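As the structure is a computational prediction, the values presented were derived from the model and not from experiment. If you read the sequence from its start, that first residue is 1, and numbering goes on from there.
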Amino acid sequence: MCGICGFYSKREESLDNLAEMAETIKHRGPDDHGEEIYGLSSGYVVGFAQRRLAVIDLSPSGHQPMHSVNKRISVVFNGEIYNYQELKRELGDYTFQSNSDTEVIIASYLKWGIRFLDKVNGMYAIAIFDRADDTLYLVRDRIGKKPLYYYISEGNLYFGSELKPLMKNRFFVKEIHTEIVGRFLHKRYIAAPDSIFKNVYKLEQGTVLQFREGVQKKWKYWDVTESYHKFRKEGAGIGFAEAKNELKKRLVEAVRRRLAADVPIGAFLSGGYDSSLVCAIAQGIFDT
């Protein structure tokens, strides 16, 4: 599962407080942890922390925060990149130091910039710090499977996989967003981008948040509605039998990708077509 947290702040942050923030999400990653602070010439500091649940590359080479070979890029990451091996083959000019999917994120960003997200197949919450222009990027996967919260206060940004690390920072103001309470009682959940606290937001699915020295910019890099209409238009001539075969093919491929791991694999089967595919592929019924 893993968990990430950190900040981009001009306040007097400390490594001890960053470690305390990360400790609140220890349950998300018991295998390893890392906390680092980077000072900027502008007076800001960037803090990155991660709690690791090791699934791919169990060695110390998978430790986070992870940095590019040239030290330009730093990353903390929660999730899994399913097509990291394919991407790695496209990145032959990069000298990899590990077998982790995290390093593939770094190499992909160096090659394609933030548009590398167009090539990624996975579930993820990613924080990327680029020292070329002191820019922080927060990214959430296309469907929003992996959570990512952020708190904006007086030109400072704090982020975390849960609310707990934000609340643990000594500068956090615990003020209930009263306008949201009625909505929560009605729907029994709080939809993104809002949260129960003022100035705290859930990063929406398929979205990038760019932050540099107090200035933020946010945009969607993928939208489910746009994709639906695009593929509906392109696939207008597909018949039922062809569509059924294509669906089966894609489901098999999606399940196969999710079975890649350097640890033993288990599955909870609730019933239904996708669960049956998991069981069948695990037993070797389908050719993978």
Can you get from [X] to [Y] by hopping between Ile, Leu, Val, Met, Phe, Trp and Tyr side chains that sit under 4.5 Å apart?
X      : Y      : result
Ile152 : Met167 : no
Leu53  : Ile25  : no
Val120 : Ile143 : yes
Val45  : Ile128 : no
Phe48  : Leu157 : yes

Are any non-hydrogen side-chain atoms of [X] and [Y] less than 4.5 angstrom apart?
X      : Y      : result
Ile114 : Val139 : yes
Ile81  : Tyr124 : yes
Val208 : Leu138 : no
Leu209 : Tyr137 : no
Gln50  : His33  : no
Phe116 : Lys111 : no
Tyr158 : Ser9   : yes
Phe211 : Tyr150 : no

Is a side-chain donor-acceptor pair under 3.5 Å present for [Y] with [X]?
X      : Y      : value
Ser227 : Trp222 : yes
His67  : Gln97  : no
Thr135 : Gln210 : no
Asp57  : Ser59  : yes
Glu13  : Tyr8   : no

Please check: side-chain N/O of [X] versus main-chain N/O of [Y], any donor-acceptor pairing under 3.5 Å?
X      : Y      : value
Thr207 : Gln205 : yes
Asn199 : Ser153 : no
Ser195 : Val200 : yes
Asn83  : Asn121 : yes
Asp32  : Ala54  : no
Tyr94  : Val69  : yes

What's the spacing between [X] [atom1] and [Y] [atom2] if we round to 0.5 Å?
X      : Y      : atom1 : atom2 : result
Tyr228 : Thr225 : OH    : OG1   : 10.0 Å
Leu136 : Tyr44  : CG    : OH    : 12.0 Å
Glu20  : Asp16  : CD    : CG    : 6.5 Å
Asn245 : Phe240 : CG    : CZ    : 9.5 Å
Leu251 : Arg256 : CG    : CZ    : 13.5 Å
Phe184 : Ile190 : CZ    : CD1   : 6.0 Å

Where at least one partner belongs to [range], residue pairs that pass salt bridge (Lys or Arg N to Asp or Glu O under 4.0 Å), sequence neighbours excluded:
range            : result
residues 206-224 : Glu204-Lys218
residues 38-49   : none
residues 159-184 : Arg28-Glu162, Glu162-Lys164, Glu175-Lys198, Arg183-Asp194
residues 59-87   : Arg72-Asp130, Glu86-Arg257

Compare every heavy atom of [Y] with every heavy atom of [X], then report the nearest pair and how far apart it is.
X      : Y      : result
Arg142 : Tyr221 : N-OH, 3.5 Å
Ala125 : Pro147 : CB-O, 3.7 Å
Phe7   : Asn169 : CD2-ND2, 4.2 Å
Ser108 : Leu87  : OG-CD1, 4.3 Å
Leu148 : Ile126 : CD2-O, 4.4 Å
Ala127 : Ile4   : N-CD1, 4.3 Å

Cationic N near anionic O, under 4.0 Å, Arg51 to Glu23: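 Judged by the 4.0 Å cut-off on N to carboxylate O distance, Arg51 and Glu23 do form a salt bridge.
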side-chain contact (heavy atoms from CB on, under 4.5 Å) assessment of Trp112 paired with Asp118: CA-CA 10 Å; Trp112 298 300; Asp118 295 336; over 6 Å; no
Over-ring placement of Arg131 relative to Tyr38, 6.0 Å and 45° cut-offs: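 Flagged: Arg131 positioned over aromatic ring of Tyr38.
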Does the pair Ser68 and Asn70 meet the rule for a side-chain hydrogen bond (donor to acceptor under 3.5 Å, both in side chains), with working shown? CA-CA 5 Å; Ser68 58; Asn70 61 8; 2.5 Å; yes
Does the separation of the ring centres of Phe159 and Tyr151 fall below 6.0 angstrom?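 Between Phe159 and Tyr151, the centre distance exceeds or equals 6.0 Å.
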Can you name the residues that form a salt bridge (Lys or Arg N to Asp or Glu O under 4.0 Å) with Arg140, not counting sequence neighbours?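 Scan of Arg140 (salt bridge (Lys or Arg N to Asp or Glu O under 4.0 Å), adjacent residues dropped) gives none.
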Partners passing salt bridge (Lys or Arg N to Asp or Glu O under 4.0 Å) against Arg11 (at least two apart in sequence or in another chain):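 By the salt bridge (Lys or Arg N to Asp or Glu O under 4.0 Å) rule, Arg11 matches Glu154.
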Decide yes or no on side-chain contact (heavy atoms from CB on, under 4.5 Å) for His177 and Ile196, but give the supporting numbers first. CA-CA 5 Å; His177 192 178; Ile196 195 63; 5.9 Å; no
Can Asn99 and Ile56 be said to form a side-chain contact (heavy atoms from CB on, under 4.5 Å), step by step? CA-CA 8 Å; Asn99 293 314; Ile56 294 177; 5.9 Å; no
Mind running salt bridge (Lys or Arg N to Asp or Glu O under 4.0 Å) on Glu246 and Arg250 for me, showing each step along the way? CA-CA 6 Å; Glu246 182 65 20; Arg250 294 196 180 202; 2.9 Å; yes
One pair to check against ring-ring contact (aromatic ring centres under 6.0 Å, His included): Phe172 and Phe197. What are the steps and the verdict? CA-CA 10 Å; Phe172 183 77; Phe197 291 114; 5.3 Å; yes
Give the C-alpha distance, both sets of side-chain angles, the deciding distance and a yes or no for side-chain contact (heavy atoms from CB on, under 4.5 Å) between Met66 and Ser100. CA-CA 10 Å; Met66 186 177 289; Ser100 72; 3.5 Å; yes
